[in-house]
Amino acid sequence: MGHGTNRVEDMASPNNGTTAPATANARETIVEIHSVCLPPKKTAFQKLKKRFGDVFFPDDPLERFRNQTWRNRVILGLQSLFPIFTWGSQYDLKLLRSDVVSGLTIASLAIPQGISYAKLANLPPIVGLYSSFVPPLIYSVLGSSKHLAVGPVSIASLVMGSMLSESVSPTQDSILYLKLAFTSTFFAGLFQASLGLLRLGFVIDFLSKATLIGFTAGAAVIVSLQQLKGLLGIVHFTGKMQFIPVMSSVFSHRSEWSWETILMGLGFLAILLTTRHISMRKPKLFWISAASPLASVAISTLLVFLIRNKTHAISFIGHLPKGLNPPSSNMLYFSGTHLALAIKTGIITGILSLTEGIAVGRTFASLKNYQVNGNKEMMAIGFMNMAGSCTSCYVTTGSFSRSAVNYNAGAKTAVSNIVMASAVLVTLLFLMPLFYYTPNLILAAIILTAVIGLIDYQAAYKLWKVDKFDFFTCMCSFFGVLLVSVPLGLAIAVGVSVLKVLLHVTRPNTVEFGNIQGTQIYQSLKRYREASRIPGFLILAVESPIYFANSTYLQERILRWTREEEARIKENNGSTLKCIILDMTAVSSIDTCGIEAVFELRRRLEKQSLQLVLVNPVGSVMEKLHKSKIIESLGLSGLYLTVGEAVADLSSTWKAHGQP
C-alpha cells in the first residue's frame with residue numbers, strides 16, 4: 001500500500017509491489033513506500049496444528065521417523081524410549097573401563113551421602129542406601145544423560161522431612177511416616193512422568209533461576225543448622241525447620257553439648273572442607289573430595305569402636321539390616337486423612353528434584369557437546385521414582401556434587417550408575433554390620449560439606465547488578481525459607497515471580513522514537529542522544545502483545561503520551577501535532593480486546609483531529625486487523641511497513657495539500 005493506493009484488497013494480494021515514491025520531510029531523497037501484505041491464507045485447522053506443534057513439540061520429535069522403513073522406525077522408537085539402545089551397540093571395553101572407575105568413585109561418595117540424606121528426611125538410614133540402588137539402575141536404561149549420577153539429594157530430603165514431620169511424627173508414628181514418604185515418592189514420580197508424557201515441561205519454568213538461587217541457599221542454611229544436633233551431641237532437638245526455633249533449641253540445650261562430639265565433629269568437618277577446597281582448586285584431584293566422606297566414615301567408625309567402653313557421649317547409627325530392598329508397594333497410602341499431605345509433598349519435591357536433575361544433566365551435556373532431552377529426562381526420573389516407591393526408596397534425582405565427580409572421573413555413559421548401584425548392592429548384602437558404630441556426627445559433617453556449595457553468593461550478587469527485581473525474588477525465597485517454612489518460602493518466591501510476569505504483561509513498556517539524523521533509522525529518544533523528534537509526529541513503539549489484560553492500560557498510556565507531547569509543543573511553540581505513529585514491530589499477537597482498544601484509540605484521537613497510523617504489524621496481527629475491518633477505518637494512509645516510509649509519505653502528502 002502507499003500514498004493514493006491504500007486498499008485492503010491490494011494488501012491481500014501477494015504480488016503487491018511498491019507504489020508511488022514520496023519525498024521525505026526536510027530531505028529531497030526519494031523513498032519508496034512498500035505494501036504491508038497479509039500472511040498466506042491458512043485454514044483454522046492448519047493454524048491450530050501449527051500452534052499445537054509449536055507449544056508441545058518445539059523439538060519436532062517425529063522428524064527422525066520420516067522417510068524411514070518400518071524396521072528403522074521400530075529401532076528409532078526403541079532408541080527414543082530407551083536411550084540405552086542408542087549407545088549400547090557401540091559399547092566396548094575402553095568405555096567400560098572408564099565407567100567402572102567413575103562408578104566406583106561416585107559409590108564412595110553415594111554410600112555415606114545416602115545414609116546422611118535419609119536422616120535429613122527423618123527416614124531410617126538404610127532407606128538412603130536403598131535409594132542409591134534401584135533408581136540408578138532404572139535411570140541407566142531410560143535416562144539420556146551420560147554423566148548424571150542418581151541418588152538422594154539434600155534439598156528434596158529436607159523438603160520431604162519438613163513437610164511430613166509437620167503433621168506426622170517420624171519417631172512416635174514411624175510406620176505411618178514411612179508410608180507417607182513412599183507415597184509422596186510415588187506421586188512425585190507420577191507427576192514427573194506425566195509432565196514428560198504430556199510434554200508439559202514448561203510448568204517447571206515457573207521456578208525461575210532467581211527463585212532457585214534463593215531457595216537453595218535458604219534450604220542450605222536450614223540444613224546446616226539442623227546438623228548442629230549431630231555436631232554438638234544434642235539429644236532433645238526441635239523438629240521445626242525455621243531459623244529462630246532451631247537456634248533457640250541449640251542454646252536452650254547447652255547442658256546436652258558433648259565436648260567429645262564437638263571435638264571429633266569439628267575435626268572431621270575441617271578435613272572434609274579441606275579436601276573439598278583442594279578438589280575445587282585442582283579439578284584433577286577430584287578423587288580426594290570423592291573418597292574423603294567414605295574414608296572419614298571408616299576412620300570415625302573405628303575411633304568410636306575403640307573408645308566405646310570409655311565414653312557414651314558420642315551417639316552412633318546402630319543396627320542396619322542387611323539385604324536387598326524389601327518391596328513397599330503394600331505400604332503406599334492411597335486413602336485416609338493424610339493423602340492430601342502425601343500428594344502435596346510429592347508434587348513439591350517432584351518439581352524441585354526434576355528441576356535440579358534436568359539442570360545438572362544439561363550442565364554437563366553442554367560441556368561435552370551433546371543434548372539432553374528434557375521430556376525424556378522427566379519420564380526417566382518419574383518412572384525411576386515410581387519404581388523406587390515400590391522398592392523402599394524415597395525421592396531421588398541427579399545430584400550436582402556426585403555428577404561433578406562422575407564427570408571428572410571420566411564417565412562415558414550411564415553404565416557408571418550401574419557400577420555405582422553394584423557397589424551399593426555389595427554394601428547392602430555384606431557390609432552393613434560395619435556401619436554399626438558410625439557416629440552421627442560424621443553424617444552431619446558430610447551433609448554440611450555437601451550443602452555449603454549450594455549457597456551461591458556470587459550468583460546473588462550478579463542478580464543484584466543485572467536485575468533488581470530478580471534479586472528481590474531471590475531474597476523473598478531465601479528469607480521465606482529461613483524464617484517462615486520451606487514450602488511457604490518456595491510459594492512466596494513463585495508468587496513474586498508470577499507477579500513479575502503479570503506486571504510485564506499488564507503494564508508493558510512503551511517508548512517514544514525519534515529519527516537519527518541523516519538516516520531512515522528511528523530509535524528511542526532516551527537511549528540515543530542523536531535521535532530527534534519529527535515535527536507534527538508522535539512516534540511510539542509498543543513492546544509487548546496487546547491482550548485483554550493490558551489493552552485498556554495501553555490505550556490510556558498512549559493518550560497520556562499525546563497530552564504530554566501537546567503540552568511540550570505548546571510550551572516550546574513547536575509545530576502542531578497531527579499524527580500518532582504506532583510501531584507494532586514488537587507486538588507479537590493481539591486479541592479481540594486489543595483490537596477494540598485500537599478502534600477506540602483511533603476514535604478518540606480522531607475527535608482531537610489527530611491521525612493514527614500503524615507500522616509493521618506482524619503476520620498474525622495483520623490478519624486479525626484485516627478481518628476486524630480496522631484497516632479500512634484507518635483510511636488511505638493508515639498502515640506502513642516502516643516508520644521512515646510513514647513519515648516520508650505523510651509529510652509529502654501534507655506538503656502537497658499546502659499544510660505546514
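No hydrogens, no waters, no symmetry mates; every other heavy atom, side chains included, goes into these values. Not measured: the values here are computed from a predicted model.
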Using a cut-off of 6.0 Å, state whether more than 12 heavy atoms not belonging to Trp287 lie near its atom CH2. no

Would a distance-only check, ignoring hydrogens and angles, find a side-chain to backbone donor-acceptor pair under 3.5 Å from Glu256 to Val235? yes

Leu123/Tyr177 under side-chain contact (heavy atoms from CB on, under 4.5 Å): CA gap, chis, key distance, verdict: CA-CA 8 Å; Leu123 292 167; Tyr177 187 90; 3.8 Å; yes

Is the CZ atom of Phe243 crowded by more than 12 outside heavy atoms at less than 6.0 Å? no

How long is the straight-line distance from CG of Asn440 back to NZ of Lys229, given to the nearest 0.5 Å? 8.0 Å

How far does CG of Leu190 sit from CD of Gln192, to the nearest 0.5 angstrom? 9.5 Å

Can you find a pair of side-chain heavy atoms, one from Leu232 and one from Thr261, that are under 4.5 Å apart? no

Looking only at heavy atoms, which two atoms of Pro487 and Met163 are closest? And how far apart? CG-CG, 3.9 Å

Mind checking whether Phe186 and Phe334 have ring centres under 6.0 Å apart? yes

Are the side chain of Thr391 and the backbone N or O of Gly388 linked by a donor-acceptor pair below 3.5 Å? yes

Answer yes if the ring centres of Phe400 and Phe364 are under 6.0 angstrom apart, and no otherwise. yes

Measure the shortest side-chain to side-chain distance between Pro170 and Leu164 over non-hydrogen atoms and say whether it is less than 4.5 angstrom. no

Evaluate Ile317 against Leu443 for side-chain contact (heavy atoms from CB on, under 4.5 Å), listing each step before the verdict. CA-CA 10 Å; Ile317 293 176; Leu443 303 181; 3.8 Å; yes

What's the spacing between Leu142 CG and Met379 CE if we round to 0.5 Å? 9.0 Å

What closest approach, in Å, do Ile314 and Pro439 show between heavy atoms, and which atom pair accounts for it? CG2-CB, 3.9 Å

Strictly distance-based, threshold 3.5 Å: is any side-chain N or O of Ser289 a donor or acceptor partner for the main-chain N or O of Phe286? yes

With heavy-atom distances below 4.5 Å as the criterion, would you say the side chains of Ser154 and Leu120 are in contact? yes

For Met432 and Pro321, work out which heavy atoms get closest and say how close. CG-O, 3.7 Å

Nearest non-hydrogen partners of Ser497 and Thr211, listed with the distance: OG-OG1, 2.9 Å

Side-chain (Ser157) to main-chain (Ala118) donor-acceptor, under 3.5 angstrom: no

Heavy-atom closest pair, residues Met331 and Ile175: CE-O, 4.3 Å

Drop me the distance from Leu272's CG to Ile288's CD1, to the nearest 0.5 angstrom. 13.0 Å

Test log, rule side chain to side chain donor-acceptor pair (under 3.5 Å), inputs Ser144 and Asn373: CA-CA 7 Å; Ser144 59; Asn373 187 303; over 6 Å; no

Measure the shortest side-chain to side-chain distance between Leu425 and Leu324 over non-hydrogen atoms and say whether it is less than 4.5 angstrom. yes

Determine whether Val134 and Tyr130 make a side-chain contact, defined as any pair of heavy atoms from C-beta on separated by less than 4.5 Å. no

Show, in sequence, the C-alpha distance, side-chain angles and deciding distance for Thr438 and Thr301, and conclude whether the side chain to side chain donor-acceptor pair (under 3.5 Å) test is met. CA-CA 4 Å; Thr438 299; Thr301 302; 2.9 Å; yes

Testing Pro293, Pro152, Ser401 for side-chain contact (heavy atoms from CB on, under 4.5 Å) with Gln113, which one passes? Ser401

Is there a side-chain contact between Asn325 and Leu428 (heavy atoms, below 4.5 Å)? yes

Donor-acceptor check, side chain of Ser328 to backbone of Ser392, threshold 3.5 angstrom: yes or no? yes

Quick one: side chains of residues 98-110, donor-acceptor pairs under 3.5 Å with protein atoms, not counting sequence neighbours, listed by atom name and distance.
unit_1	atom_1	unit_2	atom_2	d
Ser98	OG	Lys94	O	3.4
Asp99	OD1	Lys412	N	2.8
Asp99	OD1	Thr413	N	3.1
Asp99	OD2	Tyr91	OH	2.6
Asp99	OD2	Thr413	OG1	2.6
Ser102	OG	Ser98	O	3.1
Ser102	OG	Asp99	O	3.1
Thr105	OG1	Val101	O	2.6
Ser108	OG	Thr105	O	2.5
Ser108	OG	Ala290	O	3.1

Would the distance check show the side chain of Ser389 and the main-chain N or O of Met386 forming a donor-acceptor pair, the cut-off being under 3.5 Å? yes

Could you state the interatomic distance from CZ (Phe182) to SG (Cys393), rounded to the nearest 0.5 Å? 7.5 Å

Any donor-acceptor N/O pair, Thr185 side chain to Val395 backbone, under 3.5 Å: yes

Show your reasoning for whether side-chain contact (heavy atoms from CB on, under 4.5 Å) applies to Ile446 and Val297. CA-CA 9 Å; Ile446 289 171; Val297 166; 3.7 Å; yes

To the nearest 0.5 Å, tell me how far Ile381 CD1 sits from Thr355 OG1. 9.5 Å

Would you call the rings of Tyr370 and His147 parallel, tilted or perpendicular, where under 30° means parallel and over 60° means perpendicular? tilted

Main-chain N/O of Ala149 paired to Ser403 side chain as donor or acceptor, under 3.5 Å: yes

Does atom CD1 (Ile244) have a neighbourhood of more than 12 heavy atoms from anything else shown, all under 6.0 Å? no

Within a reach of under 6.0 Å around NZ of Lys376, are more than 12 heavy atoms found that belong to other residues, nucleotides or ligands? yes

Is atom CE of Met247 surrounded by more than 12 heavy atoms (other residues, nucleotides or ligands) closer than 6.0 Å? yes

side-chain contact (heavy atoms from CB on, under 4.5 Å) between Ile447 and Lys119, worked out: CA-CA 10 Å; Ile447 292 175; Lys119 289 183 71 66; 5.7 Å; no

Closest contact, heavy atoms only, Val159 versus Thr349: CG1-CG2, 3.7 Å

Could you check whether atom CZ of Phe237 has more than 12 heavy atoms from other residues, nucleotides or ligands sitting under 6.0 Å from it? yes

Less than 4.5 Å apart, side chain to side chain, heavy atoms only: is that true for Leu332 and Cys390? yes

Are the side chain of Asn408 and the backbone N or O of Ala404 linked by a donor-acceptor pair below 3.5 Å? yes

Heavy atoms, side chains only, cut-off 4.5 Å: are Ile155 and Phe215 in contact? yes

Would you check if the side chain of Tyr139 reaches a backbone N or O of Ala414 as a donor-acceptor pair within less than 3.5 Å? no

Name all residues meeting the salt bridge (Lys or Arg N to Asp or Glu O under 4.0 Å) criterion together with Asp470; count only those two or more places apart in sequence or in a different chain, and write none if there are none. Lys500

